[in-house]
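Before any comments, here is the structure.
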Amino acid sequence: MTQTQTRTLSYNDAIIEGIAEEMRRDPQIFHMSTEAPGPLAAEFGMPRVRQTPIAESALTGMAIGAAGAGYRPIVDWRLVTFCFVAMDQIVNQAAKIHYMFGGQTTFPIVFRTTVGGGARRAAQHSQSPYSMFMQLTGLKLALPSTPADAKGLIKTAIRDNNPVVFFEAGRIGGMTGPVPAGDVAIPFGQADIKRAGADVTIVALAWMVHEALAAAEELAAVGISAEVIDPRTLAPLDIATIRASVLKTGHLALADEAPPNASATADIAARIAEDPEAFAALKAPIARISGLEAPIPYSPALEDHVFPGRQRIVERVRALLGR
Amino acid sequence: MTQTQTRTLSYNDAIIEGIAEEMRRDPQIFHMSTEAPGPLAAEFGMPRVRQTPIAESALTGMAIGAAGAGYRPIVDWRLVTFCFVAMDQIVNQAAKIHYMFGGQTTFPIVFRTTVGGGARRAAQHSQSPYSMFMQLTGLKLALPSTPADAKGLIKTAIRDNNPVVFFEAGRIGGMTGPVPAGDVAIPFGQADIKRAGADVTIVALAWMVHEALAAAEELAAVGISAEVIDPRTLAPLDIATIRASVLKTGHLALADEAPPNASATADIAARIAEDPEAFAALKAPIARISGLEAPIPYSPALEDHVFPGRQRIVERVRALLGR
Amino acid sequence: MSQLTPDRQRQMLRQMLTIRRFEERASEGFRAGEIYGVVHAYSGEEAVAVGVCATLTDRDKIISNHRGHGHCIAKGADLDRMMAELFGRADGYCKGKGGSMHIADFKIGMLGANGIVAGGISIITGAGLAAQMDGEGAVAVGFFGDGASNAGPFHESINIAAGWKLPVVYVCENNQWAVNVPAAESVPTPNVADRAAGYGIPGVIVDGNDVFAVYEAAAAAVARARAGEGPTLIEAKTYRHRPHTERIDQPDARPKEEVARWLEPDRDPIPRLIARLQAQQGQLSDQELAEMEAAVQADIARAVAFAKASPFPTLASALDDVFAA
Amino acid sequence: MSQLTPDRQRQMLRQMLTIRRFEERASEGFRAGEIYGVVHAYSGEEAVAVGVCATLTDRDKIISNHRGHGHCIAKGADLDRMMAELFGRADGYCKGKGGSMHIADFKIGMLGANGIVAGGISIITGAGLAAQMDGEGAVAVGFFGDGASNAGPFHESINIAAGWKLPVVYVCENNQWAVNVPAAESVPTPNVADRAAGYGIPGVIVDGNDVFAVYEAAAAAVARARAGEGPTLIEAKTYRHRPHTERIDQPDARPKEEVARWLEPDRDPIPRLIARLQAQQGQLSDQELAEMEAAVQADIARAVAFAKASPFPTLASALDDVFAA
Ligand SMILES: Cc1ncc(C[n+]2csc(CCOP(=O)(O)OP(=O)(O)O)c2C)c(N)n1
Ligand SMILES: Cc1ncc(C[n+]2csc(CCOP(=O)(O)OP(=O)(O)O)c2C)c(N)n1
Ligand SMILES: [Mg+2]
Ligand SMILES: [Mg+2]
């Protein structure tokens, strides 16, 4: 198919478009969630788009059983909050089932879920806990930051023969951007350089990609050339692209809205700090810009204070480079 | 009370002794699990030591409710495997409840759970996922490596007014060691230097503390003086002690049986790599010794291969120091 | 209603009116951008919270779900601090950290609203265990929806409470919908109360829009709990007047005629109660009713004024209360 | 047992004997250090797996729990590859990665044992959903214990299966204990089957030590499922002959007399079946029985030899199969 045309789509619509295209292609794909997405329900209806009782643990297990029986289920947990009731099925079943049964059969499943704050939904409904899933060998993890990436990665997620957790950044669900038409799937494990630069590498996740791009603009104004990298998938993680950038810039900043403890930014920092060449290339300590170590509060100014943003990135990077 | 006497106790017995002492002191403490510990059941019986239906999610929530009503519950999830069915109560309730209600009341709860492999119990029952809990601001996390630490930390855990997850290293449950008699509680957030050394700092967790100590012996034989540090609690994490050691040795190795991704070792590596002085003190890249990135397999040699051990520590540290 | 004096009955009406007006003001505040995030209004279901809580004392504990304002008010929470919490202010119940979905008042035994469907059911069961161990006859009451009755924690908790004879009353507010899923599609039996038999406990169905019927059912369940005979599952059939949340674009799959039917005065619990009190001699005069309305409106206005006068929390407070001392 | 020819009946006995002898050998191997980790023996409960699986075809799917050997054998799994898995060998079903608690054979519709109590119940419900969508009349059968019936996933899954009329048969093996907790303490009603009413589905109680009774109950449930009428909950009352696991120091809280009573030939499902077949003219001669015993022993011996001849997996294979291609 040609990829010449692009349209402007929102992040959320791009995901739905990607799912719809895949569902048209493959009748084994079906979608379950406690609230069915309107456009999918309208186009495909039952039994391919199901609205379910509130029982995310059962839905998650059912996806595993249906996948083992030849289907390619998509389960939308909706807010990531809700997936914790299904954590046994995620940790003990989905992540391990292919391995512990010696690879007998495949379990192609996509678990969709919305992460992030900004909507004044307080502690439970504003979490960004993707890093917790990185400890779980056996899951693939996608975390797109643009409509085009969202569509390209959801298609790859659906075609993958493993359980994939597809994290959707709620804060940018309405953000629009160009999305190529046609069958464009983006491979997992390929970071994207969202902006090229020479002085500092800023690796950012999800919403923070946009904050990092805004920060890069401000930094350019003071003569700092920032390269902004979006890993796009946390498992597999494309450390090679980040490493190459650090070899070039000698400075690494990592921006994530989640708290720093045992996080994706810790992971990337450690991988760079343990790589002899990258370590040698570092001209300054690694800088991390993270959420404060607190649950997310409700009151708007408080919430905005707990989450990091472009200003903190600018400050940290300027401090890092001493200018 | 005097602390002059010490006895030899196993790690498991030290924990039970600590719990029993606290239960004698405070009648508000009670213990729930799907299998009641014999000595506690014998001494205290119902209603203070309860055997329950298999419903860890309910038990976890019930502990929260009972704590909010003035009790100090201890819930033994038993294998960490089983706590994942209770993850909603852990993530969305226990970790956040004090904060999201504005600190109205306290929730003093100890969640006991056994981690680690070595028992040929395959993927589900051999996990070491404590690092996942580090993302959850609002929980305290203990992970003792010796009988004395186990007893001292369980007493502190029980006296703490917050939910504490107390990770017990199954592999060393039968290991014996000196335990001071009397009312010895070990404060949270104080790492312990298990062996002093000058050339390299080895931070190790749980069972790996013992592997690191054995490795330090071997390293001493080739003239490398290793300092072995056990953080003992992952939240709060005593980075100051680790940092001071790195400033002295200029070399940091981190040993954990879990896979490296977004792990406690990544966390410590990142904190050192982002600290200007510590970063400047590092004479070589940080080295991490971790479990392989795979679920835990059943067959003995395979399992032993996936977990790291003293030999891998020795090799990595020797490579790090180039001798 | 022999147990209830005319004064108590009027008090109950006043609580129900207070809930209704509070929700109306919350909805208004949400649309005006004074209140943030999510608001789930309890309008239409007032008789359940009020009927149940009228059987409780201060020692007794309740827990709520996402639709929590009514339970708070029925248990006696302070309107000022509730409204201040919705407004995100420092004098709110949670110092502005919780918002609509996390109002609690542990002092009066209100253990909190909760953003997780069925998330509170095990917590209140633990409060019931505490009450049993205390041995002073207190009870614990869990409020949750028809949707929550499909979730695992419902089953685990009631099963344990039944086995241990805990003094808990489980109150399912069957408003017939969970967002856009009708209970008829998610609950395979005609009634949620039918689930009680599987635990060997009474399952009681009650008209959730008749406050006295609710009161009677709850009083029996509470008496049973206090007597050490264990839990009861009460299903209160009711209906929410509002869409699932106050979001402007909240989709609502409920048939319009169905919604309209439940808004009529013979179904709306408040007109029903007013009609009943007025039908009985000396229970409620037109003037008393007008005074009550005015008093309630004044309460709400005072709460809003309190909320507006309260400062937003300081940024530094974001790091307070992460851990208890 | 009009549906079952004498041959089928003898086949069922042979399967039951195979399970018993397999467990005896597994226990021996565990004590000898040839088998590692944990072994939960199914001895005493053979009639359940065999009676249920006799109603199934290869298209039908089952799932098991931690006590899984019997379900595997009843569904037709290969003894050699089962034993090789227990021995941790490369030719085992899971290439030595799974061990006793994780044997699966997706080719024959055996979706795996599971180390999580109730962990398989939702998975088999998903297989039932797949069968419904396939529309070819296949069914899915979940085996689990009395202990599992207290866990949330049991409730969530059966509730959905009932609502969606999924072709699933839920088989609760009530062996009256969950480790050291008696079912009488954890299940508040006399029977686990009493829980079915809460989902509007049949709850059937059957003597789990009578293979033909199990067969009949299962056949009815399977027919109902195939006909699109939805799930059934079967409770098979049975007993485990062994302690919870084969661990030497496994505590066993069960009264000695209770255990002894269940080991007697009038309760042990195997002597019961033998007696019944021998009581009927021409169903099973002493010689046929002896030959059967010998054949079963030979099968087990062959499986052990196969296991021992199979190499341990290479260390490099530890990183195989983490992800599917
Ligand atoms: C575990 C979980 N899943 C999904 C949601 C999203 N959600 C919020 S309220 C709701 C419907 C609840 O229905 P019901 O229990 O009947 O209460 P009602 O809103 O009708 O009062 C859903 C699905 C949630 N909060 N928690
Ligand atoms: C979620 C969970 N909690 C606890 C355990 C530990 N455990 C293993 S088997 C078992 C008892 C299971 O009892 P039942 O379901 O009756 O099966 P049975 O062993 O009697 O066949 C327990 C508690 C577990 N495997 N999973
Ligand atoms: Mg409802
Ligand atoms: Mg059992």
Side-chain angles (χ1 to χ4, degrees), chain A residues 27-28 30 32 46-48 50-73 75 85-89 91-109 136-140 160-164 188-189 235-236, chain D residues 61 63 85 90 92-99 101-107 109 111-116 118-134 138 140 142 151-161 163-164 166 313 317-325:
Chain A
Q28 297 304 102
F30 70 99
M32 294 197 284
M46 274 286 284
R48 293 190 68 199
R50 278 180 190 267
Q51 194 149 277
T52 73
I54 305 166
E56 290 84 356
S57 173
L59 298 187
T60 302
M62 288 172 69
I64 297 171
Y71 285 84
R72 305 184 78 86
V75 172
V85 300
M87 204 67 177
D88 168 62
Q89 290 294 324
V91 174
N92 291 323
Q93 316 292 345
K96 298 173 172 56
I97 196 165
H98 186 260
Y99 186 86
M100 75 189 173
F101 292 151
Q104 283 185 41
T105 191
T106 56
F107 297 89
I109 311 168
L136 300 171
T137 317
L139 298 178
K140 296 191 179 179
D160 200 288
N161 280 328
N162 296 281
V164 176
F188 280 10
Chain D
K61 297 190 173 17
I63 209 160
E85 188 58 36
Y93 262 116
C94 312
K95 306 178 187 166
K97 283 174 172 150
M101 261 183 307
H102 304 296
I103 300 185
D105 184 349
F106 279 77
K107 292 224 170 59
L111 306 195
N114 207 310
I116 315 297
I121 302 182
S122 58
I123 301 178
I124 198 68
T125 303
L129 173 61
Q132 186 185 64
M133 292 194 294
D134 286 341
F154 164 92
H155 167 75
E156 291 189 1
S157 301
I158 298 196
N159 188 59
I160 290 179
W164 296 1
L166 298 183
S317 75
L319 293 178
D320 293 345
D321 294 322
V322 175
F323 288 105

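Just so it is clear: chains get the letters A, B, ... in the order the sequence lines come, proteins before strands, and each one is counted from 1.
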task = Counting only heavy atoms closer than 4.5 Å, note whether Q132(D) contacts chain A via side chain, backbone, both or neither.
result = side chain
key: Beyond-backbone contact of K96(A) with V91(A), side-chain heavy atoms, under 4.5 angstrom   = yes
query = Does any non-hydrogen side-chain atom of K95(D) lie less than 4.5 Å from one of S317(D)?
reply = no
key: Contact class of S57(A) relative to chain D, heavy atoms under 4.5 angstrom   = both
request  = Identify the two heavy atoms, one from Q104(A) and one from Y93(D), that lie closest to each other, and give their separation to 0.1 Å.
outcome  = NE2-O, 3.4 Å
message = Using 0.5 Å steps for rounding, measure from the OG1 atom of T125(D) to the CG atom of L59(A).
response = 11.0 Å
inquiry  = According to salt bridge (charged side-chain N to carboxylate O under 4.0 Å, His left out), who are the partners of D160(A), at least two apart in sequence or on a separate chain?
reply    = K140(A)
message = Between A318(D) and chain A, with a heavy-atom cut-off of 4.5 Å, which part of the residue counts as in contact: side chain, backbone, both or neither?
response = both
ask   = Should N161(A) and R72(A) count as side-chain neighbours, where that means a heavy-atom distance under 4.5 Å?
value = yes
message = Once rounded to the nearest 0.5 Å, what's the spacing between atom CD1 of I123(D) and atom CG of L111(D)?
response = 8.5 Å
key: Top of P47(A), A58(A), A67(A) for chain D proximity - count of heavy-atom pairs under 4.5 angstrom   = A58(A)
task = Tell me, for L129(D) versus chain A, whether the close heavy atoms (under 4.5 Å) come from the side chain, the backbone, both or neither.
result = side chain
ask   = Nearest 0.5 Å, what's the CE-CH2 distance between M46(A) and W164(D)?
value = 7.0 Å
ask   = What part of D320(D) lies closer than 4.5 angstrom to a heavy atom of chain A: side chain, backbone, both or neither?
value = backbone
query = Looking at A130(D), G115(D), A138(D), which makes the most heavy-atom pairs under 4.5 Å with chain A?
reply = A130(D)
query = Side chain, backbone, both or neither: which part of L166(D) has a non-hydrogen atom closer than 4.5 Å to chain A?
reply = side chain
request  = Go through G65(A), P108(A), A63(A), P53(A) and name the one with the most non-hydrogen pairs under 4.5 angstrom from chain D.
outcome  = G65(A)
Proximal component of F101(A), with respect to chain D [non-hydrogen, under 4.5 Å] = both
task = Check each atom of T60(A) against the heavy atoms of chain D and say whether the ones under 4.5 Å are side chain, backbone, both or neither.
result = neither
remark   = Counting heavy-atom pairs under 4.5 angstrom with chain A, the leader among D105(D), N159(D), I124(D) is D105(D)
Part of A113(D) within contact of chain A (heavy atom distance under 4.5 Å) = backbone
inquiry  = Are the side chains of F106(D) and T106(A) in contact, using a 4.5 Å heavy-atom criterion?
reply    = no
request  = Take E56(A) and M87(A) through the test side-chain contact (heavy atoms from CB on, under 4.5 Å) and record every step on the way to the result.
outcome  = CA-CA 9 Å; E56(A) 290 84 356; M87(A) 204 67 177; over 6 Å; no
inquiry  = Less than 4.5 Å to any heavy atom of chain D: does that hold for the side chain of R50(A), its backbone, both, or neither?
reply    = side chain
task = Identify which part of A325(D) has an atom lying under 4.5 Å from any heavy atom of chain A, answering side chain, backbone, both or neither.
result = backbone
task = Report the option among G119(D), S157(D), G112(D), G98(D) that has the most heavy-atom pairs separated by less than 4.5 Å from atoms of chain A.
result = G119(D)
